[in-house]
There are 2 protein chains.
Amino acid sequence: MKVEVLTNNEKRDVQQSIIAKLRDLIEYKNLEPGDKLPSERMLSEKFGVSRSNIREAIQKLEFYGILYSKPQSGTFIAEIGRVAMSGMMEDILGLEEPDFKSLVETRILLELKTVRLAALRRTDEDLEALQSALNAYKNKVLNKEDAVEEDLLFHLAIAKASKNSSMNTFMLIITPEIITNFEKYHVCDSNQSFKGIQEHEDIFQAIKDQNPKRAKEMMKIHFSVLYQYCYHSNN
Amino acid sequence: MKVEVLTNNEKRDVQQSIIAKLRDLIEYKNLEPGDKLPSERMLSEKFGVSRSNIREAIQKLEFYGILYSKPQSGTFIAEIGRVAMSGMMEDILGLEEPDFKSLVETRILLELKTVRLAALRRTDEDLEALQSALNAYKNKVLNKEDAVEEDLLFHLAIAKASKNSSMNTFMLIITPEIITNFEKYHVCDSNQSFKGIQEHEDIFQAIKDQNPKRAKEMMKIHFSVLYQYCYHSNN
DNA sequence: CAAACCAATCTGGTTAACCAATTTGGTCAA
DNA sequence: TTGACCAAATTGGTTAACCAGATTGGTTTG
């Protein structure tokens, strides 16, 4: 068979079309929660794509909890109901790549919460991790070096101390995108300033004092520059 | 070669150990951003695991933006710096499966924001989608049928109207988990009540009126039961 | 007649073979 | 000496073959 190399975008389109076909199939066959999907081989033949493509599409739907696979048995529709499944598939198909504004907006939302939770729930261990992350950041800034990474690790340490694994995961997901865009748009320049040190120390102190309100307040100040960028830029 | 069938947990452990080994390798070899990783074949031999396992681990690190693969060329370390990379890998290794409390906490946080953004940014199209989701929900409740799915789709429609693709994605990620747990712990019983209809209509009206403050307020009321469950239960 | 049993078949998961684009090291001509 | 050029090796991606467990339909046995 002719093998062709696809770009990432083409690959995504193929996957999206498979998901759409799966949705149609489920609708057409009136498959209900718990029902078994046709085998991967059959689907690959029916849709005219490779089994790998089918598997990847199924894995994506498994990630969103819509399907689940049992080894040596089959792939099944999760117990979330036909209506919800159909609607969710539609949403997944309509998902766009997040733009920078969405990322920043989400980061601010998450961090104003994680810092509050961290102040409430931090253990002494968390405090040590935060302290060392803060020190690493300070050293870099005082040496006038680029400190974006250390800045970021401090914020991730806060997410970890929040004891909320969902938010922690989401922070990890958006973080690299944020870094890339920061470097692209040179948003981070202000973070190299000495002002950042004081803000970070204020946040750390509030978490140490277990003062959630002040922690959130200090984080808000820390984000004020970002806020402006997010809501007054044309990007 | 002997083929063995692994459980999901065993598979996860293998992947985690590969990620840890990759971290050690990068540390040991002092690989920097932009550097090329050894080839998949070499790594699979070095670590004593199959190439598939290596590929999956690499794909996970690609998902978090730590690595990137160029076809017919190699896998490279992303431009996020050694320190950030090492720290993020550590965080990824330490990630736990989200507990129900984390999920609910995150959902509330997200939805109080998306409903506000939806009120600010909704188009007439969004309004139509919201209206039809609301109608589907009302019909189900009035027929005394289970309406968890329709409830959920209404909330997803709000996320979509918020025009923030990150939050929309995150809502889609946590939604199935939430449903599953709702059914397990029977949290949703209250949603079948007629009270839910009024609350949903209030939220819808606030979005229609483009009144973000009221929209958030109404959502808060809608979540008050959930709030209690989240912060006063022992689970 | 029902239940236990068994072999053929089907399934998702895994491994191995293959493909084409890219690197790379060396060669040869200008 | 240098730069264009080429063929062989390397690489991630893709396809095909294979594996062991699960399912299933029919058969046998009590």
Side-chain angles (χ1 to χ4, degrees), chain A residues 1-19 21-22 25-26 29 31 34-78, chain B residues 1-19 21-22 25-26 29 31 34-78:
Chain A
M1 183 185 285
K2 182 64 165 49
V3 176
E4 211 167 332
V5 174
L6 301 181
T7 67
N8 280 348
N9 276 340
E10 288 168 336
K11 220 170 141 181
R12 201 173 54 83
D13 288 347
V14 169
Q15 201 182 78
Q16 294 283 87
S17 79
I18 292 175
I19 292 178
K21 282 173 184 164
L22 280 174
L25 179 77
I26 290 169
K29 296 272 185 188
L31 296 181
D35 282 0
K36 191 161 83 171
L37 238 58
S39 73
E40 296 177 354
R41 286 168 182 80
M42 204 170 298
L43 288 173
S44 80
E45 197 174 350
K46 202 184 187 78
F47 295 167
V49 297
S50 74
R51 186 150 88 100
S52 313
N53 292 138
I54 298 285
R55 281 179 64 78
E56 279 169 32
I58 288 176
Q59 274 163 21
K60 181 161 186 177
L61 294 176
E62 271 192 89
F63 174 74
Y64 284 107
I66 291 178
L67 302 177
Y68 63 92
S69 292
K70 280 207 287 184
Q72 287 86 36
S73 174
T75 301
F76 301 83
I77 298 181
Chain B
M1 183 185 283
K2 184 62 166 53
V3 176
E4 211 168 331
V5 174
L6 301 181
T7 67
N8 280 348
N9 276 340
E10 288 168 336
K11 218 169 143 181
R12 200 173 55 81
D13 288 346
V14 169
Q15 202 183 78
Q16 295 282 89
S17 78
I18 292 175
I19 292 178
K21 281 174 185 163
L22 280 175
L25 179 77
I26 290 169
K29 296 272 185 187
L31 296 181
D35 283 359
K36 191 161 81 170
L37 240 58
S39 73
E40 296 177 353
R41 288 169 181 79
M42 203 171 299
L43 288 173
S44 81
E45 197 174 350
K46 201 184 187 76
F47 295 168
V49 298
S50 75
R51 186 149 89 100
S52 314
N53 292 137
I54 297 284
R55 282 178 64 77
E56 280 168 32
I58 288 176
Q59 274 163 22
K60 181 161 187 178
L61 294 176
E62 271 192 270
F63 174 75
Y64 285 107
I66 291 178
L67 302 177
Y68 62 94
S69 291
K70 280 207 288 184
Q72 286 83 37
S73 173
T75 301
F76 300 82
I77 298 180

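Atoms considered below: every heavy atom in the structure, side chains included; atoms not considered: hydrogens, waters and symmetry mates. Every chain is numbered from 1 and lettered A, B, ... according to where its sequence line falls, protein lines coming before strand lines.
- Atom CD of Gln72(A) is separated from atom C1' of dT23(D) by 11 Å (rounded to the nearest Å).
- Rounding to the nearest 0.5 angstrom, the gap separating the CD atom in Gln15(A) from the CD atom in Glu56(A) is 6.0 Å.
- A side-chain contact (heavy atoms from CB on, under 4.5 Å) with Leu22(A) is found for exactly one of Ile54(A), Thr75(A), Leu43(A), namely Leu43(A).
- Using a 4.0 Å cut-off, no side-chain N or O of Arg55(B) falls inside it from OP1 or OP2 of dG12(D).
- Contact of Arg41(A) with dG12(C) (side chain to base): a donor-acceptor pair of N or O atoms is detected under 3.5 Å.
- In this entry the distance linking CZ of Phe76(B) with C1' of dT10(D) reads 12 Å, nearest Å.
- Here the C1' atom of nucleotide dG12(C) and the NZ atom of Lys36(A) are 10 Å apart, to the nearest Å.
- Across the protein-nucleic acid pair, Ile58(B) atom CD1 and dG12(D) atom P stand 7 Å apart, rounded to whole Å.
- A close approach under 4.0 Å does not occur between any side-chain nitrogen or oxygen of Ser73(B) and OP1 or OP2 of dA21(C).
- With rounding to whole Å, Glu56(A) atom CD is found 7 Å from dT14(D) atom P.
- Between Phe63(B) and Phe63(A), the ring-plane angle classifies as perpendicular under the 30° and 60° cut-offs.
- Rounding to whole angstrom units, NZ of residue Lys70(A) and C1' of dA20(D) are separated by 16 Å.
- Taking atom CZ of Arg51(B) as the reference point, atom C1' of dT11(D) lies 8 Å away to the nearest angstrom.
- Proximity of Ser69(B) to the phosphate of dG12(D): no side-chain N or O atom is located under 4.0 Å from OP1 or OP2.
- A 4.5 Å side-chain heavy-atom check between Leu67(A) and Ile77(A) finds at least one atom pair inside the cut-off.
- Contact check for Leu25(A) versus Pro38(A): side-chain heavy atoms found under the 4.5 Å cut-off.
- Between dT15(D), dT23(D), dG13(D), one nucleotide has an atom nearer to the side chain of Pro71(B) than all others, and that is dG13(D).
- Glu45(A) places its CD atom 15 Å from the C1' atom of dT11(C), with the value rounded to the nearest Å.
- Neither OP1 nor OP2 of dT14(D) sits under 4.0 Å from any side-chain N or O of Ser52(A).
- If you check dG12(C), dA20(C), dT15(D) against the side chain of Ser50(A), the one that comes closest is dT15(D).
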